[in-house]
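Down below is the structure, laid out as structure tokens.
Side chains included, hydrogens not; waters and symmetry mates left out as well; all remaining heavy atoms used.
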Amino acid sequence: MAVAAGSVVGGLARHALTVRVFAAAGPAFPYGTLAVNVSGCFLIGALDAWGSARGLLGPNARLLLMTGFCGAYTTFSTLILDSARLADAGQLALGLVNYVGSGVLGLLAFRLGTRLAGVL
């Protein structure tokens, strides 16, 4: 239930911020998506520090805020968290592979999906 509740609020927050930024900045660049991704990375970093380093977030709060809210708000924040954790564990190369690989493979999968959907 914690993940579901956080997801609802995170999805709504993502939409609200994207719409507001789009209205203010216009359509020339996806500033709304950029704002969501950057703010989501900031938030998941703060939540991770509060939860891991300070022990201020219990398992249910982490599910609500990190998995639910941040996961629905932006999956980019989770990508950054996972990559940073790899780097922090002394596996910088794997962190970079995760980050770059997700972008490259994601773009390729997107293109493949658009092509396959256009054929079907």
Side-chain angles (χ1 to χ4, degrees):
M1 292 306 293
V3 173
S7 295
V8 168
V9 176
L12 292 171
R14 175 190 182 106
H15 177 70
L17 180 60
T18 302
V19 167
R20 284 197 173 122
V21 171
F22 180 82
F29 183 84
Y31 290 108
T33 302
L34 180 63
V36 165
N37 286 336
V38 172
S39 62
C41 289
F42 173 83
L43 181 59
I44 205 167
L47 292 170
D48 187 52
W50 289 334
S52 298
R54 294 187 181 182
L56 298 176
L57 296 178
N60 287 336
R62 290 175 71 87
L63 286 172
L64 173 76
L65 298 171
M66 294 177 75
T67 304
F69 181 87
C70 288
Y73 185 67
T74 172
T75 56
F76 187 78
S77 61
T78 306
L79 170 65
I80 296 302
L81 176 66
D82 290 344
S83 299
R85 284 186 173 164
L86 285 167
D88 291 346
Q91 299 177 340
L92 177 61
L94 281 179
L96 290 172
V97 166
N98 184 54
Y99 177 75
V100 173
S102 291
V104 171
L105 292 174
L107 182 58
L108 291 173
F110 173 82
R111 291 294 180 209
L112 178 61
T114 59
R115 288 210 167 71
L116 288 177
V119 170
L120 300 177

#### Entry: side-chain contact (heavy atoms from CB on, under 4.5 Å) between T74 and R14, worked out
CA-CA 7 Å; T74 172; R14 175 190 182 106; 4.0 Å; yes
### Task
Before giving the answer on side-chain contact (heavy atoms from CB on, under 4.5 Å), spell out for T33 and V36 the whole-Å C-alpha distance, their side-chain angles and the decisive distance to 0.1 Å.
CA-CA 5 Å; T33 302; V36 165; 5.7 Å; no
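Checked by atom type and distance alone, the side chain of S102 never pairs as donor or acceptor with a backbone atom of Y99 at under 3.5 Å.
Interatomic distance, D82 CG to L86 CG, rounded to the nearest 0.5 Å: 7.0 Å. Distance check, rounded to the nearest 0.5 Å: CG of L47 to CG of L81 gives 10.0 Å. Atoms CE and CG, from M66 and L57 in turn, are 8.0 Å apart once rounded to the nearest 0.5 Å.
When hydrophobic clusters are built by joining Ile, Leu, Val, Met, Phe, Trp and Tyr residues whose side-chain heavy atoms come closer than 4.5 Å, directly or via intermediates, L94 is not grouped with L96. By the criterion of side-chain heavy atoms lying less than 4.5 angstrom apart, applied directly or through intervening Ile, Leu, Val, Met, Phe, Trp or Tyr residues, F69 is not grouped with V8; the two fall into different hydrophobic clusters. One hydrophobic cluster, built from ILVMFWY side chains closer than 4.5 Å, holds both L108 and L79. Connection of F76 to V104 is established within a shared hydrophobic cluster, with ILVMFWY side chains joined at heavy-atom distances below 4.5 Å, either directly or through further cluster members.
G32 approaches V21 most closely through the heavy-atom pair N-CG1, 3.4 Å. When all heavy atoms of A72 and G11 are compared, the pair lying nearest together is CB-N, 3.6 Å.
Side-chain contact between L43 and S77: absent, with no pair of heavy atoms (C-beta onward) separated by less than 4.5 Å. The side-chain heavy atoms of L64 and M1, taken from C-beta on, include no pair separated by under 4.5 Å. Side-chain contact between Y73 and I44: absent, with no pair of heavy atoms (C-beta onward) separated by less than 4.5 Å. Side-chain contact between V9 and L12 is absent, with no heavy-atom pair separated by less than 4.5 Å.
Using a 30° and 60° split on the angle between ring planes, F29 and Y31 fall in the tilted class, from 30° to 60°.
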